[in-house]
Amino acid sequence: MRKATGLRDKSGGVIMTKKIGFIGLGNMGGPMAVNLMKAGHDVLGFDLSEGALAAFEDAGGACAKSVPEIAAACDVIVTMLPAGAHVRKVYMDEGGIFENAKPGTLMIDSSTIDVDSARAVAAAATEQDMLMVDAPVSGGVGGATAGTLTFMVGGPAAAYEQARPYLDIMGKTIVHAGDSGTGQAAKICNNMVLGISMIAVSEAFVLAERLGLDAQKLFDISSTASGQCWALTSYCPVPGPLPSSPANRDYQPGFAAAMMLKDLKLAQEAASTSGASTPLGAEASALYNMFCNSGGGALDFSAIVKYLRGS
Ligand code: NAD
């Protein structure tokens, strides 16, 4: 049994010092790993990209040469990878985490991936006496850097309890959503609401323009009436009413339309495998697909208003 060292989480609780492996040091994973390090943890990073490794080293991090090196050396492993295929490969393939980690290792996958992959990897972890949670995030690169991410966590209560102190360092709001896969389910359900509501708000502004109704007037009325929603009042898709929204800076993200499309596609995949009826989710996915194919993928997702307007 290791001795508590006095390292504390945000709420003042003592955390046992553990060696943390962090795989996927990209836009999100890089700053998340740095925050764990700043909190006093010994973090060993790995990424396939030389640039990502160099940036982590520049921030004071130590880098491993391979996934097996991380798996064998660490008590806690965090992954922040692009998609389900990458997660399955890093955990389950030959030379992956499961083949090389010690029993009892805690695994936190914060990538946004399909629910089926999250459940398959979690089941394999349980079979090998390892604790695992899916813990996708919202909050973007800004939240990752500031340590204010929201974590939606799926997995057994024991795994959640063990993961919590590390999530507390990287985030501000941590919710245990239920069993394995429910963290991913929460993320895609929420973002399906967001994608649909952003399209609805954008359509209303386009219609208002055609009808000669001033955008500010529509905002003033709808923001205090039954059309009120986050897409309108916290992220207004037209410039003017809300100075902080990306519409006022040429739709620089923010949350890129390509990332919204990724999440809407994951929601459609999950709707199809679970038999849920999501006609508006399907339409939102199709619209964002067309917008991204027309060159809008790197813009903020609220720029869908330009596509609907035809400008
Ligand atoms: P990113 O592409 O910047 O980073 C992913 C990193 O994983 C890359 O550096 C890549 O080299 C590395 N990688 C891929 N395969 C690997 C492997 N086999 N071994 C080791 N490293 C590997 O992506 P990101 O923006 O950091 O996003 C990561 C995840 O977080 C995604 O699932 C994304 O959907 C999710 N997410 C991103 C945001 C955002 O605003 N960027 C917000 C919420 C959630």
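Every value quoted in this text rests on a predicted model; they were computed, and no experiment measured them. Whatever order the structure lists them in is the order used to number ligands and atoms, beginning at 1.
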So which protein heavy atom does [atom] come closest to, and at what separation?
{"atom": "atom 11 (O) of ligand 1", "result": "Asp47 OD1, 2.6 Å"}
{"atom": "atom 26 (O) of ligand 1", "result": "Met28 N, 2.8 Å"}
{"atom": "atom 4 (O) of ligand 1", "result": "Gly26 CA, 3.3 Å"}
{"atom": "atom 40 (O) of ligand 1", "result": "Gly140 CA, 3.6 Å"}
{"atom": "atom 34 (O) of ligand 1", "result": "Lys262 NZ, 2.8 Å"}
{"atom": "atom 18 (N) of ligand 1", "result": "Val90 CG2, 3.4 Å"}

Below 4.0 Å, non-hydrogen atoms only: which portion of [X] touches ligand 1? Side chain, backbone, both or neither.
{"X": "Pro82", "value": "both"}
{"X": "Val67", "value": "neither"}
{"X": "His86", "value": "side chain"}
{"X": "Lys187", "value": "side chain"}

Heavy atoms only: which of Thr112, Leu48, Thr79 lies closest to atom 20 (C) of ligand 1?
Leu48
Which option out of Leu81, Asp109, Val137, Asp93 puts a heavy atom nearest to atom 13 (N) of ligand 1?
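Going through Leu81, Asp109, Val137, Asp93 one by one, Leu81 has the nearest heavy atom to atom 13 (N) of ligand 1.
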Which ligand 1 atoms, with their elements, are less than 4.0 angstrom from a heavy-atom of [X]?
{"X": "Gly24", "value": "7 (O)"}
{"X": "Ile23", "value": "20 (C)"}
{"X": "Ser49", "value": "11 (O)"}

Is there a path from Leu167 to Val34 through hydrophobic residues (I, L, V, M, F, W, Y) whose side chains come within less than 4.5 Å of each other?
yes
Is it the case that atom CG in Asn293 sees more than 12 heavy atoms from other parts of the structure closer than 6.0 Å?
yes
Are any of the side-chain nitrogens in Asp42 or Lys19 under 4.0 Å away from the carboxylate oxygens of its partner?
yes
Under-4.0 Å salt bridge between Arg249 and Asp300:
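Salt bridge between Arg249 and Asp300, a charged N being under 4.0 Å from a carboxylate O: no.
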Is it the case that the ring center of Phe56 lies less than 6.0 angstrom away from the ring center of Phe22?
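That pair fails the under 6.0 Å test.
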Main-chain N/O of [Y] paired to [X] side chain as donor or acceptor, under 3.5 Å:
{"X": "Ser117", "Y": "Ile113", "value": "no"}
{"X": "Lys262", "Y": "Pro82", "value": "yes"}
{"X": "Asp47", "Y": "Leu25", "value": "yes"}

Can you say whether the rings of Tyr235 and Trp230 are parallel (under 30°), tilted (30 to 60°) or perpendicular (over 60°)?
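The rings of Tyr235 and Trp230 lie parallel, inter-plane angle below 30°.
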Quick check on atom 23 (O) of ligand 1 - does any protein heavy atom sit closer than 4.0 Å to it?
no
Under 4.0 Å from atom 30 (O) of ligand 1, can you find at least one protein heavy atom?
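True for atom 30 (O) of ligand 1.
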Quick one about Tyr91 and Thr79 (side-chain donor to acceptor, distance below 3.5 Å, no hydrogens or angles considered), yes or no?
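Yes, side-chain donor-acceptor contact under 3.5 Å.
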Would you say the side chains of Thr112 and Gln184 form a donor-acceptor pair under 3.5 Å?
no
Going by distance only, is there an N or O of Asn27 that falls short of 3.5 Å from an N or O of ligand 1?
yes
